[in-house]
Number of protein chains: 2
Amino acid sequence: MSDYISSNTMKRLPFYLEYLLKIRDEGIVNVSSKAIAVALNLGEVQVRKDLASISKNGRPKIGYEINSLIGDLQKFLGYKDLTDAVIFGAGKLGTALLDYNGFEECGLNVLMAFDSNPKKAGKSDSGKPIYTLDELPMIAKSMNISIAIIAVPAQHAQEVCDIIVENGIKAILNFAPVHLDAPKDVIIKNENLAYSLALLSIELKAKK
Amino acid sequence: MSDYISSNTMKRLPFYLEYLLKIRDEGIVNVSSKAIAVALNLGEVQVRKDLASISKNGRPKIGYEINSLIGDLQKFLGYKDLTDAVIFGAGKLGTALLDYNGFEECGLNVLMAFDSNPKKAGKSDSGKPIYTLDELPMIAKSMNISIAIIAVPAQHAQEVCDIIVENGIKAILNFAPVHLDAPKDVIIKNENLAYSLALLSIELKAKK
DNA sequence: TGTGTTTCGATAAAATAATATCGATAACTA
DNA sequence: TAGTTATCGATATTATTTTATCGAAACACA
Ligand SMILES: NC(=O)c1ccc[n+]([C@@H]2O[C@H](COP(=O)([O-])OP(=O)(O)OC[C@H]3O[C@@H](n4cnc5c(N)ncnc54)[C@H](O)[C@@H]3O)[C@@H](O)[C@H]2O)c1
Ligand SMILES: NC(=O)c1ccc[n+]([C@@H]2O[C@H](COP(=O)([O-])OP(=O)(O)OC[C@H]3O[C@@H](n4cnc5c(N)ncnc54)[C@H](O)[C@@H]3O)[C@@H](O)[C@H]2O)c1
């Protein structure tokens, strides 16, 4: 168990967890780094290194005990204690995210959405509340929102970002295809689906 | 203009493009690597290196000529010649993607969706066609689909992946939170939104 | 109990990526 | 026109990440 974990390693951890959960369902109790490496298309040394950074229970000849490895992964990934998140922009993408029930198992509690358009206010299909933007200050004060998800049109993303920062939220996942400026104690991650697709297309062309 | 471009560099290129388009609108004609670096929070040497890999027109004291740099970026990123993509799963996420009009400007042409549920067949809000899954072979044969986007429930993702591969599509963007197995000449990229959020939450906790 | 096999973790080496340094060049200024 | 400055690109350095190597631990089985 080392102290620092690289972001590349972090990105692989969820895949280990997913795979381990799958094979545990199949009744497997122990697994070797080699088996994991083959299944996920990674190097086995890399697998051992990654796992060593969050767990410490590999045994020669035996491999890893799946249950405790899963436990360590879930603990590290914070899939136990929920983090509260809210969405800005209750449009197509925003409501898809709001009504998606797969976040809980990753430790995320998507609570509500905010939209500038009062007509959007009310409840989503799955029954989660949608508020108007001016209700944010009050709500933010009374509860501890950790993460904001931006799903508003690009031209409004920066202004929404500013409002988010003003209300004390320190982490933002931004789906709008623009670079956002914010104080550097605010963590911003850009999730640009169009770029992901474009990069895939580039790789495809490069291969031929 | 070098030959090989690292994936880290590739991920940064769209941000350069976005920024350059923005400042071009403001009437700026030349820009220095330093200005770009400051705006996007990168190292200025890194910016020069990245840009050198796709363009070659920086001039001492002047910087880069924005127009030609934009041209080179767009050309490299393939934002001119459109690549055709289709979506599997016309649920909440799938239709949000289908009706999103921001892909075109990144060179992606999202044509249609396929869903196993016949009730979904017809047209989306924006008028794009939704077909049943069994219509895929015929359609795939008559046109050149480059990219498949998987937006079906996790438990069906692998079976849909198999169908996609059978129909000759060589690149997949997978939104289902499962690892997919496919022949290694098929490029698979996982876009797991829940993990992105979870990682943000981990970083946030680590900072405090 | 001893030998062989598997698999781990630690350490070393190689590959990749980021950052720093510096001479060269082009524009500006006096 | 000569000196000054901003900025580039090339090269060198440093840091990070991946991959290889190898001794030791743990079990199987004779
Ligand atoms: N739909 C997709 O698949 C997709 C894919 C990639 C990126 N995006 C990006 O996600 C964002 C949302 O896309 P969408 O398709 O859901 O758009 P949308 O038009 O369906 O929804 C946008 C919502 O934001 C609300 N809004 C506008 N200004 C606001 C403000 N200042 N504060 C709060 N809410 C505001 C609107 O009322 C609307 O409900 C866009 O930036 C888009 O570029 C979407
Ligand atoms: N909604 C989100 O914000 C979100 C976020 C992250 C990941 N995801 C993932 O994206 C996928 C879709 O999510 P969603 O919220 O749109 O779900 P959804 O239930 O709204 O839609 C799923 C659609 O897939 C169709 N489908 C089922 N089996 C199919 C098959 N074999 N072939 C073709 N179509 C099939 C269904 O008929 C349905 O229309 C899921 O894997 C989910 O985990 C969704």
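Side chains included, hydrogens not; waters and symmetry mates left out as well; all remaining heavy atoms used. Every chain is numbered from 1, with letters handed out A, B, ... down the list of sequences.
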Student: Check the angle between the aromatic planes of Phe88(A) and Phe114(A) and answer parallel, tilted or perpendicular using the 30° and 60° thresholds.
Tutor: parallel
Student: For Gly63(B) and Ser6(A), take the nucleotide of DNA chain D holding the closest heavy atom to each; which residue's nucleotide lies nearer the 5' end?
Tutor: Gly63(B)
Student: According to the interplanar angle, ranging from 0 to 90°, do the rings of Tyr195(B) and Tyr79(A) count as parallel (below 30°), tilted (30 to 60°) or perpendicular (above 60°)?
Tutor: parallel
Student: Rounding to an integer number of Å, can you tell me how far Ile62(B) CD1 sits from dT5(D) C1'?
Tutor: 12 Å
Student: Could you tell me which non-hydrogen atom of Gly91(A) sits nearest to which non-hydrogen atom of Asp115(A), and how far apart they are?
Tutor: N-OD2, 4.1 Å
Student: So if I take every side-chain heavy atom of Gln46(B) and compare against dG9(D), dT19(C), dA26(C), which nucleotide ends up nearest?
Tutor: dT19(C)
Student: How many whole angstroms separate atom NZ of Lys11(B) from atom P of dA18(C)?
Tutor: 10 Å
Student: I need the residues from residues 28-44 of chain B with at least one non-hydrogen atom less than 4.0 Å from DNA chain D; give them sorted by number, or say none.
Tutor: Ser32(B), Ser33(B)
Student: With respect to the side chain of Asn8(A), which nucleotide from dG9(D), dC27(D), dT17(D) is positioned closest?
Tutor: dT17(D)
Student: Ignoring hydrogens and geometry beyond distance, is a side-chain donor-acceptor pair present between Asp50(A) and Gln46(A) at under 3.5 Å?
Tutor: no
Student: Between Tyr64(B) and dG9(D), is there a side-chain N or O to OP1/OP2 distance below 4.0 Å?
Tutor: yes
Student: I want to check one thing: is the phosphate of dA25(D), taken as OP1 and OP2, less than 4.0 Å away from some side-chain N or O of Arg59(A)?
Tutor: no
Student: Closest approach of Ile147(B) and Thr83(B), non-hydrogen atoms and distance?
Tutor: CD1-CG2, 4.1 Å
Student: With respect to the phosphate group of dC8(C), does any side-chain polar atom (N or O) of Arg48(A) fall under 4.0 Å of OP1 or OP2?
Tutor: yes
Student: I need the NZ-P distance between Lys61(A) and dC27(D), as an integer number of Å.
Tutor: 10 Å
Student: Where each residue is assigned the nucleotide of DNA chain C containing its nearest heavy atom, which of Gly58(A) and Lys49(A) is assigned the position nearer the 5′ end?
Tutor: Gly58(A)
Student: Just to verify, which of Leu73(B), Thr9(B), Leu77(B) counts as forming a side-chain contact (heavy atoms from CB on, under 4.5 Å) with Ile54(B)?
Tutor: Leu73(B)
Student: To the nearest Å, give me how far apart OH (Tyr4(A)) and P (dA15(D)) are.
Tutor: 14 Å
Student: Round to the nearest Å and state the distance from Asp50(B) atom CG to dC8(D) atom P.
Tutor: 13 Å
Student: Could you check how far CG of Leu51(A) sits from P of dG9(C), rounded to whole Å?
Tutor: 8 Å
Student: Look up atom CG in Asp125(B) and atom CG in Asp99(B), then write down how far apart they are to the nearest 0.5 Å.
Tutor: 5.0 Å
Student: Measure from the side-chain heavy atoms of Val45(A) and tell me the nearest of dA20(C), dC8(D), dT19(D).
Tutor: dT19(D)
